[in-house]
Amino acid sequence: MKSALKVYNSLSRKKEKFEPISAPYVGMYVCGPTVYGEAHLGHARSAITFDIIFRFLSHLEYKVRYVRNITDVGHLEHDADDGEDKIAKRAKLEKLEPMEVVKRYTSYYQTSLRKLNVNEPSIEPVASGHIPEQIKLTQQIIDAGFAYVSNGSVYFDVLKYNESHRYGELSGRVVDELLTGTRTLDGQEEKRSPLDFALWKNASPEHIMKWESPWGIGFPGWHIECTAMSNKYLGTRFDIHGGGLDLLFPHHECEIAQSVAGLKTQPAKYWLHNNMITINGQKMGKSLGNFITLDQLFSGDHPILEKAYSPMTIRFFILQAHYRSTLDFSNEALVAASKGYKKLMNGLRILRKMEYSPIDTINVDEKQEQELINLTESCYGGLSDDFNTAITIASLFNVVKKIHTLQLNPSLFNNISKESFENMKQTFIALTNEVLGLLEEAPNNNEVLIEGLLEWYKQAKENKDYDQIDRIRAWFKACGMQIKDMKTSIDWAYEEA
RNA sequence: GGUCCUGUGGCCGAGUGGCUAGGCUCAGCUCUGCAAAAGCUGCUACACCAGUUCGAAUCUGGUCGGGACCUCCA
């Protein structure tokens with residue numbers, strides 16, 4: 001199964017066989033969020049996409065080191081020149097220390113992802129914690145002759161780089177075309193070419209977040225952090241680099257250039273990009289202001305939300321589409337996802353308790369046996385084909401149908417072997433829980449259930465049905481609770497014994 | 001304007017030369033104290049035009065529509 005895994009590589013624009021540089025080890029770097037605002041559905045898609053990849057590779061027994069960064073500095077507003085640091089801007093706006101902003105939104109992001117059952121990456125480095133590495137890498141690029149110092153800032157020399165390499169190999173862009181299409185912006189005088197991007201920016205005195213460097217006081221450019229941190233934790237060359245499709249250009253293109261220029265190698269073997277979530281046909285994003293935060297989804301507190309959607313519903317919704325397709329948000333689609341998710345969980349509940357139990361002599365029917373085997377294998381087929389969770393989920397639903405059939409007609413067990421049943425059961429549970437990360441969400445109406453039981457208890461008391469009373473008390477006890485009989489009412493309490 | 005992606009049934013969404021995707025919705029049936037669940041059946045699916053082919057939703061060309069990137073963005 002391991003050898004059959006195929007992934008779509010944005011660099012080659014083809015599906016390729018997945019062969020790690022040094023199996024069984026896999027290094028994966030994914031661009032995480034800039035923590036200057038609440039995490040939204042788009043963040044969830046990226047996180048879940050690479051969570052699945054992380055989980056599936058681990059499931060295939062690769063030893064994966066998954067690095068996902070937190071950008072807490074260096075992201076500029078507007079354009080790359082006279083823009084303001086996003087974090088600093090937000091900090092001013094909220095009258096907070098920049099690190100307060102970072103802390104708040106980092107924890108918001110992590111908490112939301114935890115609710116979505118996204119596993120934590122192996123390493124989650126922050127840009128501000130890697131300033132020396134970024135300075136060092138910048139120096140290496142200067143030394144290699146691909147960057148220049150200008151007015152206290154350092155810029156990557158795109159045209160120079162393009163003489164010996166190809167700037168645009170990932171995004172399919174051509175430098176000449178980029179030049180003609182470039183708008184003239186203010187503050188470009190420092191740069192030799194408008195395509196040049198900052199590796200290090202000179203900080204003005206009022207700038208809040210700044211560090212010392214060989215070129216004066218400043219802060220790192222946006223693209224350099226990912227190259228510096230991926231290099232630090234995964235080496236100069238690693239297996240997978242991921243991120244949102246919107247990061248492909250210029251961010252990932254620049255990463256390649258930085259790595260090739262400063263570290264003399266292509267950073268990643270496979271480049272994977274998840275597509276966007278759209279709302280009314282348009283990309284959901286910060287810039288358009290049409291995003292829905294994860295908390296809003298969970299609480300339903302947003303004008304366009306008709307109701308609240310549980311984290312697992314969101315996860316299921318995202319997994320029902322392939323990660324490279326755009327996925328359109330709508331209440332209707334979310335409601336459908338919610339029901340589909342519950343159907344899958346109901347199947348899981350039945351299967352968990354289901355044992356191989358033929359009622360007559362076993363007489364394996366070749367056709368039914370093969371059908372069951374195919375059903376089980378098709379569940380893997382989806383994930384193995386560029387992590388196509390949509391296909392895997394469709395297959396899982398076919399298994400659910402089979403589960404119901406077996407539950408209704410246990411005599412069908414006679415026609416299948418124990419081995420293939422157990423294999424099906426194990427596969428279903430493993431893929432659903434461990435790989436897709438879809439867990440059961442406990443019903444949240446326990447209060448109602450307890451009230452109902454107390455009502456029943458009261459009835460039993462009135463009827464002096466002591467057997468019934470004892471039984472109900474035992475149920476409460478089993479839940480760490482006890483019933484309190486009072487003169488005028490009945491209530492429950494936590495058992496203190 | 002440039003580069004790229006995309007258009008699938010009431011809705012969402014896989015597929016990519018011949019084989020039922022799947023989920024949700026709606027209608028009918030079986031089961032059923034009622035209901036739900038489950039099962040079965042059905043609801044003019046592949047934007048349009050032309051071509052390649054024994055055969056195309058799937059390949060090629062064109063038309064129309066939608067989107068992404070080119071500026072911060074998952």
Side-chain angles (χ1 to χ4, degrees), chain A residues 10 13 30-34 36-37 39-50 68 71 74-81 83-86 89 109 168 171-174 176-183 185 194-195 197 222 242-253 273-278 280-289 291 316-344 346-347 350 378 381-382 385 388-401 403-405 407-409:
Chain A
S10 300
R13 290 155 200 262
V30 174
C31 294
T34 305
Y36 69 113
H40 57 76
L41 241 193
H43 294 106
R45 186 168 201 196
S46 181
I48 288 172
T49 295
F50 292 100
R68 187 185 62 208
T71 298
H75 241 167
L76 300 176
E77 200 87 47
H78 307 308
D79 61 77
D81 293 277
E84 198 177 356
D85 189 293
K86 281 186 173 177
K89 183 180 176 180
Y109 177 73
S171 57
R173 270 153 234 268
V174 178
D176 288 347
E177 285 168 4
L178 282 170
L179 279 169
T180 52
T182 309
R183 281 180 287 160
L185 298 162
L195 298 185
F197 55 91
W222 170 34
L245 196 54
D246 48 354
L247 296 177
L248 195 136
F249 188 88
H251 183 54
H252 292 159
E253 195 69 66
H273 292 96
N274 65 279
N275 215 317
M276 304 292 105
I277 285 183
T278 59
N280 297 321
Q282 275 208 311
K283 172 181 162 181
M284 183 183 286
K286 200 81 187 166
S287 52
L288 290 163
F291 63 93
F316 183 84
F317 169 67
I318 287 171
L319 293 181
Q320 255 194 318
H322 183 72
Y323 75 91
R324 280 192 295 111
S325 304
T326 53
L327 172 60
D328 198 54
F329 168 89
S330 69
N331 281 288
E332 227 180 336
L334 260 302
V335 168
S338 165
K339 292 185 183 178
Y341 157 72
K342 282 172 189 158
K343 183 174 187 160
L344 195 63
N346 282 331
I350 297 168
S378 70
D385 185 10
N388 196 327
T389 49
I391 296 224
T392 289
I393 288 177
S395 302
L396 290 175
F397 275 114
N398 287 329
V399 174
V400 168
K401 198 173 248 184
I403 294 167
H404 286 135
T405 310
Q407 189 188 35
L408 248 57
N409 312 292

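In the text below, chain A, chain B and the rest are named by the order of the sequence lines, each starting its count at 1.
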For this session: Looking only at side-chain atoms of A:Glu332, point me to the closest of B:G22, B:G67, B:C11.
Result: B:C11
Exercise. The side chain of A:Leu288 lies closest to which of these nucleotides: B:G23, B:A68, B:G15?
Worked result: B:A68
Exercise. What's the CD-C1' distance between A:Glu253 and B:C70, to the nearest Å?
Worked result: 12 Å
Exercise. Starting at CD1 of A:Ile403 and ending at P of B:G39, how long is that distance when rounded to a whole Å?
Worked result: 11 Å
Problem set entry | Atom-to-atom span, NZ of A:Lys283 to P of B:G66 - whole angstrom | 19 Å
Exercise. Does A:Ser171 put a side-chain nitrogen or oxygen below 4.0 Å from OP1 or OP2 of B:U3?
Worked result: no
Exercise. A:Ala394 has a side chain; which of B:U16, B:C69, B:G22 sits nearest to it?
Worked result: B:G22
Exercise. Reckon A:Ala390 touches a base, only the sugar-phosphate, or nothing at all at heavy-atom distances under 4.0 Å?
Worked result: base
For this session: Please work out if A:His273 contacts a base, only the sugar-phosphate, or nothing of the nucleic acid, heavy-atom cut-off 4.0 Å.
Result: nothing
Problem set entry | Rounded distance (Å) that lies between atom P of B:A14 and atom CG of A:Leu327 | 8 Å
For this session: Measure the CG-CD1 distance between A:Asn274 and A:Ile318 for me, rounded to the nearest 0.5 Å.
Result: 9.5 Å
For this session: Tell me what A:Leu245 touches on the nucleic acid: a base, only sugar-phosphate, or nothing, going by heavy atoms under 4.0 Å.
Result: nothing
Exercise. Once you round it to whole Å, what is the distance between P of B:A38 and CG of A:Asn346?
Worked result: 7 Å
For this session: Please state whether the phosphate of B:G15, meaning OP1 or OP2, lies under 4.0 angstrom from any side-chain nitrogen or oxygen of A:Asn388.
Result: yes
Exercise. For B:G22, does either OP1 or OP2 sit under 4.0 Å from a side-chain N or O belonging to A:Lys343?
Worked result: no
For this session: Starting from C1' on B:G2, measure out to CD on A:Glu177 and report it in whole angstrom.
Result: 6 Å
For this session: Check whether any side-chain nitrogen or oxygen of A:His404 sits under 4.0 Å from OP1 or OP2 of B:G39, and answer yes or no.
Result: yes
Seminar exercise, completed: Out of B:G22, B:A38, B:C12, minimum distance to the side chain of A:Asp328 belongs to B:C12
Exercise. In whole angstroms, how far is the C1' atom of B:A36 from the NZ atom of A:Lys342?
Worked result: 14 Å
For this session: Describe the nucleic acid contact of A:Gly42 in one word from base, sugar-phosphate, nothing, applying a heavy-atom distance below 4.0 Å.
Result: base
